[in-house]
Amino acid sequence: MSELTDITPKGALRKGWSGLVDDYAIACEWALGGDVLLVGDVLGGVRAFDGKSGKVIWHLTDIHDGALLTMRVHPDGALFATAGQDGYVVLWDCRDGKQVAGLRLGSGWVEHLSWSDSGSWLAATCSRDVFVMDAECAEVWRSKDHPSTVSAIAWSRDDEIAVACYGRVTFYDVVNGDLSQKLEWRGSLVSMILSPDGDIVACGSQDNSVHFWRRSTGQDSMMSGYPGKPSNLAFDHSGTLLATGGAETVTVWSFEGDGPEGTSPGHLELHTKPISSLAFAPRASRLASGARDGSVVAWALKSDGQGGPIGAALMTDRVSAVSWRPDGRALAAVDGQGGVCAWRVS
Amino acid sequence: MNNNEKVPVTILTGFLGSGKTTLLNRILTEEHGKRIAVIENEFGEVGIDQGLVINADEEVFEMSNGCICCTVRGDLIRVLGNLMKRRDKFDYVLVETTGLADPGPVAQTFFMDDEIGSEFALDGIVTLVDAAHIDQQLGRSDESTEQVAFADVIVLNKTDLVSSESIDELESRLREMNRMARLVRSERAKVPVETVLNLGAFDLDQALERRPTFLEPEYPFEWTGVYSLEPGRYELSLDDGPDPNMSLVAVMDQGTDDEALRDGAEWCVRRYAEPSKAIAPGDAIPAGEHVDLQLSAEGRKVFILEVDVPSKLGLYTQHTAEEFDIKLFNQGAQSKVPIPLEAERTWVAQHEHDDEVGSMAIERDGDVNMDLMNAWLSKLLAEKGIDIFRMKGFISVAGESRRFVFQGVHMLFDAQRDKEWGDTPRRNQLVFIGRNLDEEGMRRDFDACLN
């Protein structure tokens, strides 16, 4: 534990605070406008750290039998949702960690949660099924027509959700329940991200490629040659830059002009093991990346995808999540040993 | 992370009713001190209090390129990906498949997915075979054939339900299909846990360390008979048979269960490798030596066996007892009643099987030209990779002081330098298990790679 307090970050990452949770930390997200950092561990514990001091404000344990699988803070920052192997989705109050509502979706694992931008809807997956709930955790819609376990979900509009599974991405209007679009591709899609305007759909594939579609034109492309599967993807706020993992190098594709087809992507090289987490700063061309070697790097990028490091720090184990504070002036990361770090970003 | 730090994973395959659940429960009971995670298929029924049991649908994911060696099991990637997110890792993972599962994608998952491969090491594939029903299944279903072909260990289960002749015959059929696998007989899936776990079958160094060859031995004898004898002199009587002589090794204190017979067989293989000593009718047969019985005289011939202390005597004979009408009598007894057998078994194929799936081995002395070898293997795997389920081997490369070892699952291929040859004779051994293998062509092509 003592080594965690001795982190000497470099460059733009300034020493903040560090802490520890009970087991492998799987998620960290800022809440209450950046006043609080929530960290969930695989055993089903959630700790709320004071964003400035790192002091623990409240602490939950064993909230999901088996394991906690995912945690998502509501866009307004006051509520957060958790889900786990027990098939439950539970809503909590960020201020005190009190349970607000809960719903059991089934006997399968609930692996993915996603709030719509307005915060009106919460989507969750349970094996092959997708559920949409309102902000009180009441089911409003579900879809059972997926051929395999759902691997990713994302909101394309406030009332339209994208669902990725083996061989396809499907879009549903959650108000009337209609299937609005189906994009097919024979391959196992392991991750998905949409551009902020919902037009570009990017998926990492098990065969070590990134496939993307432009919904408006129907054009699709494949970027191959990754040494591993691109499980981590991130779009910047403008929808210009798509950062992808799948290697020790972060590959950044630029959608500027006619790109990224026919252009060379930016290669961000500093990590010594494959990327395990990626996040763009809000409203800025800054990217944070974490890797299996425990390294966390902040990068400044240009609109063509090229860029360089502006700061770096080292944690003790695989970085499982990185998260920018909403104002972009602090960065948090968690690792496989339960380590939690927050840095000020200058 | 090297293989020693990775969590070992054993895959249990076999048709419905072959005894997978019984074996799983046995392992969980006997290894109760360990943290074992079990990934069961949706029909699995292991008691939940026995450790962490996760049910998973078998989701086979093909890749866009259509390559079958890239096909993986999505459910395993998901479940194992989650299991590795623990500070206290599991000691062991057992994956039980349904009887209809193709073992290829299961094995490939550990090589194709870098994340899974960096945390978990496939330890071995164990296939349970229901001795009473497999004969029909092998003819009817590709899955059961492939489960046999992929196995590192074949547990021939429910042997109490069939005659010993049909087990022997079944064993020789399975052995012909997969000469790499170790065969274990069992009743109610009762096998020692160490015969199925921690095999290191996909770890080339480890596999060769434990067994210096990838091949199960071909026994130079066809029959074993075990007699329980008091001290005294005995007559071994043989009638006219197909040959004018026959090799034999007599073993004292021979056990009668399958394991003991197999241990005896392993020991006798080495005796058989020694020069034989000719024994004429009327002479005594020394125990523990490779002897050659002289049988050219007409009519029944008698050889003497001397027993000092009460013992179980095992005879490992080159031909079957039937061919020479082998009988054992008390010397000088009034009534000529043969001594009954305590146990017996046959060791080789009684007739050839025409299974599509079979195994072949290439064993050659000499050095290989690496360029030619690479070119040949690339071509072979590109053209026949779909039909080659598994391959293993070691080769002696010209100009290299170290041995090269390699293995493959379909088109996936992994080769590395192994230990120094030192004083051991340089040689090559390649084993292939596959469908409709062109043995003659492959041997010819390999020979063309030799310097």
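Below, chains carry the letters A, B, ... as their sequence lines are ordered, and counting in each starts from 1. Quick caveat: nothing in here was measured; it's all calculated off a predicted structure.
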- Task: Might you point out which heavy atoms bring A/Ala67 and B/Arg86 nearest each other, and give the distance in Å?
- Result: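 For A/Ala67 versus B/Arg86, the nearest heavy atoms are CB-NH2, 3.8 Å.
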
- B/Lys85/A/Asp23 ion pair, N-O < 4.0 Å: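 No salt bridge links B/Lys85 with A/Asp23.
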
Side chain proximity check, [X] to [Y], heavy atoms < 4.5 angstrom:
X        : Y        : answer
B/Asp114 : A/Pro274 : yes
B/Met84  : A/Tyr24  : no
B/Met112 : A/Asp207 : no

- Message: Please rank A/Arg318, A/Arg292, A/Glu111 by heavy-atom pairs under 4.5 Å with chain B and give me the top one.
- Response: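 Among the listed options, the one with the most contacts to chain B is A/Arg292.
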
- Query: With a 4.5 angstrom heavy-atom cut-off, which part of A/Asp22 approaches chain B: side chain, backbone, both or neither?
  - Reply: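 It is the backbone, since no side chain atom gets that close.
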
Enter the distance from [X]:[atom1] to [Y]:[atom2] here, rounded to the nearest 0.5 Å.
X        : Y        : atom1 : atom2 : answer
B/Arg78  : A/Ser127 : CZ    : OG    : 6.5 Å
B/Asp113 : A/Ser231 : CG    : OG    : 7.5 Å
B/Ile54  : A/Gln85  : CD1   : CD    : 6.0 Å
B/Phe61  : A/Cys165 : CZ    : SG    : 8.0 Å

- Message: With a sphere of 6.0 Å drawn around CG of A/Asp65, does it hold more than 12 non-hydrogen atoms of other residues, nucleotides or ligands?
- Response: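 No.
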
- A/Tyr226 OH: over 12 foreign heavy atoms closer than 6.0 Å: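 Count over threshold, so yes.
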
- Message: Using only atom types and a distance under 3.5 Å, with no angle test, would you say the side chain of A/Gln206 pairs donor to acceptor with the backbone of B/Met63?
- Response: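 The answer is no, because no donor-acceptor pair under 3.5 Å joins these two groups.
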
- Message: Quick check on B/Glu62 against chain A: is it the side chain, the backbone, both or neither that has a heavy atom closer than 4.5 Å?
- Response: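 Both backbone and side chain.
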
- Item | Residue selection (most heavy-atom pairs with chain A, distance under 4.5 Å) from B/Val72, B/Val79, B/Asp75 |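 It is B/Val79.
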
